[in-house]
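One structure below.
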Amino acid sequence: MKVLGLDPGFASMGWAVIDFGDDGPACRSAGLIKTKRDPLHSKHDDNLFRIQKIANSLEKLDDLFGPAFVASEAMSWTRHANADRAVAMAWGAIGSSLLSVPIIQISPVDVKDRLCGMKTASKALVEERVRDRITAAGEWLDRVSKTQRNHVADAMAVALACSEHTAFRMAQRMLRSES
């Protein structure tokens, strides 16, 4: 069963396709959806173009991999209004482009706790756990620049954490009983 893990962001959205097969979780593909401000457009028009780019990229991932679930870091609100607005626009793209795929949201704190056994785990420790527990994770992470790698590692981590979610486990049991 394939899960599309997402680390929502407007400028950089990490994604990873994790296949939960009989041999354990394996990364089939991973990367970033990147958008950047185009000064030739008004801010409002530019935001729409960027949202469309994210939505189109997510639709292509859905078509290419056909995930059973999307696992994403849960939408939360910080004290940074501009960052919150940007992530909310990314969530608009996620929601509109992946309508037919169930979305499991997990808070970043819960992802850290499930993978590392502590709610305050560092980004480095999360990446280490992902490399240890997901086949081929390191190969895909090493393709991404160090400054952007945490987005892809977070997408892998949330996909891995979703495997403990009730809906995921139920779907897995149903698939096993059919075969």
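Each residue takes its place number in the sequence, starting with 1.
- Contact check on Glu139 versus Arg143 returns no salt bridge, with no Lys/Arg side-chain nitrogen under 4.0 Å from an Asp/Glu carboxylate oxygen.
- Side chains of Trp140 and Val17 form no contact here, defined as non-hydrogen atoms less than 4.5 Å apart.
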Step-by-step side-chain contact (heavy atoms from CB on, under 4.5 Å) determination, Ile94 to Leu6: CA-CA 9 Å; Ile94 292 167; Leu6 296 176; 4.0 Å; yes
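- For the pair Asn47 and Met89, the minimum side-chain heavy-atom distance is below 4.5 Å.
- In terms of modelled atom types and a separation under 3.5 Å, the side chain of Asp113 and the main chain of Val109 share no donor-acceptor contact.
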Please determine whether salt bridge (Lys or Arg N to Asp or Glu O under 4.0 Å) holds for the pair Lys2 and Asp19, giving the CA-CA distance in whole Å, both sets of side-chain angles, and the decisive distance to 0.1 Å. CA-CA 4 Å; Lys2 287 185 240 105; Asp19 192 352; 5.7 Å; no
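- Residues that satisfy the side-chain hydrogen bond (donor to acceptor under 3.5 Å, both in side chains) test with Asp23, not counting sequence neighbours, are absent from this structure.
- Without hydrogens or angle criteria, Lys53 side chain to Lys34 main chain gives a donor-acceptor distance under 3.5 Å.
- Scanning for side-chain contact (heavy atoms from CB on, under 4.5 Å) contacts around Ser122 gives Ala124, Leu125, with sequence neighbours left out.
- Two residues are said to be in side-chain contact when any heavy atoms from C-beta on lie closer than 4.5 Å; Val3 and Phe20 meet this criterion.
- Expressed to the nearest 0.5 Å, how far CG of Asn82 lies from CZ of Arg85 amounts to 4.5 Å.
- The line from CD1 of Ile33 to OG of Ser12 is 10.0 Å long, rounded to the nearest 0.5 Å.
- Thr35 contributes no side-chain N or O that, together with a main-chain N or O of Arg50, makes up a donor-acceptor pair within less than 3.5 Å.
- Contact check on Asp46 versus Arg37 returns a salt bridge, with a Lys/Arg side-chain nitrogen under 4.0 Å from an Asp/Glu carboxylate oxygen.
- Each of Met118 and Val111 belongs to its own hydrophobic cluster when Ile, Leu, Val, Met, Phe, Trp and Tyr are linked at side-chain heavy-atom distances under 4.5 angstrom.
- Between Ile54 and Met13, the closest side-chain pair of non-hydrogen atoms falls below 4.5 Å.
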For Phe10 and Ile51, run side-chain contact (heavy atoms from CB on, under 4.5 Å): C-alpha distance rounded to whole Å, both residues' side-chain angles, the deciding distance at 0.1 Å, then the answer. CA-CA 8 Å; Phe10 197 54; Ile51 291 167; 3.7 Å; yes
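- Residues Leu4 and Pro67 come closest through the heavy atom pair N-CB, 3.8 Å.
- In this structure, the side chains of Leu61 and Trp15 come closer than 4.5 Å at one or more pairs of heavy atoms.
- Side-chain contact between Ser107 and Glu73 is absent, with no heavy atoms from C-beta onward closer than 4.5 Å.
- The side-chain heavy atoms of Pro25 and Thr135, taken from C-beta on, include no pair separated by under 4.5 Å.
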Residue pair Ile106, Cys162: steps toward the side-chain contact (heavy atoms from CB on, under 4.5 Å) verdict: CA-CA 7 Å; Ile106 305 172; Cys162 111; 3.8 Å; yes
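- Minimum heavy-atom separation, Ala137 to Arg131: CB-CA, 4.2 Å.
- Listed by first then second residue, pairs satisfying side chain to side chain donor-acceptor pair (under 3.5 Å) with a partner in residues 152-169 read Lys123-Asp154, not counting sequence neighbours.
- From His151, atom NE2 reaches atom CG of Asp7 across 6.5 Å, with rounding to the nearest 0.5 Å.
- Taking 4.5 Å as the limit, some side-chain heavy atom of Ile134 sits within range of a side-chain heavy atom of Leu160.
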Between Gln105 and Ser72, does the side-chain hydrogen bond (donor to acceptor under 3.5 Å, both in side chains) criterion hold? Intermediate values first, please. CA-CA 5 Å; Gln105 295 185 62; Ser72 180; over 6 Å; no
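- Arg149 contributes atom CZ, which lies 10.0 Å from atom CE of Met156 (distance to the nearest 0.5 angstrom).
- When all heavy atoms are compared, the tightest approach of Ala68 to Pro102 is O-CD, 3.4 Å.
- Between the CD1 atom in Ile18 and the CE atom in Met1 there is a gap of 13.0 Å [rounded to 0.5 Å].
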Between Asn150 and Glu127, does a side-chain contact (heavy atoms from CB on, under 4.5 Å) hold up when you go through it step by step? CA-CA 7 Å; Asn150 64 312; Glu127 182 179 331; 6.0 Å; no
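- Counting all heavy atoms, side chain and backbone alike, Leu115 lies closest to Ala157 at CD2-CB, 3.5 Å.
- Taking both residues in full, the closest heavy atoms of Ser96 and Ala93 are given as OG-O, 3.3 Å, listed atom of the first, atom of the second, then distance.
- Although no hydrogens or angles enter the test, the distance criterion places a donor-acceptor pair under 3.5 Å between the side chain of Arg114 and the main chain of Ala161.
- Taking every heavy atom of both residues into account, Ala71 and Ala159 meet most closely at CB-CA, 3.8 Å.
- Between the CD1 atom of Ile103 and the CH2 atom of Trp91 there is a distance of 5.5 Å, given to the nearest 0.5 Å.
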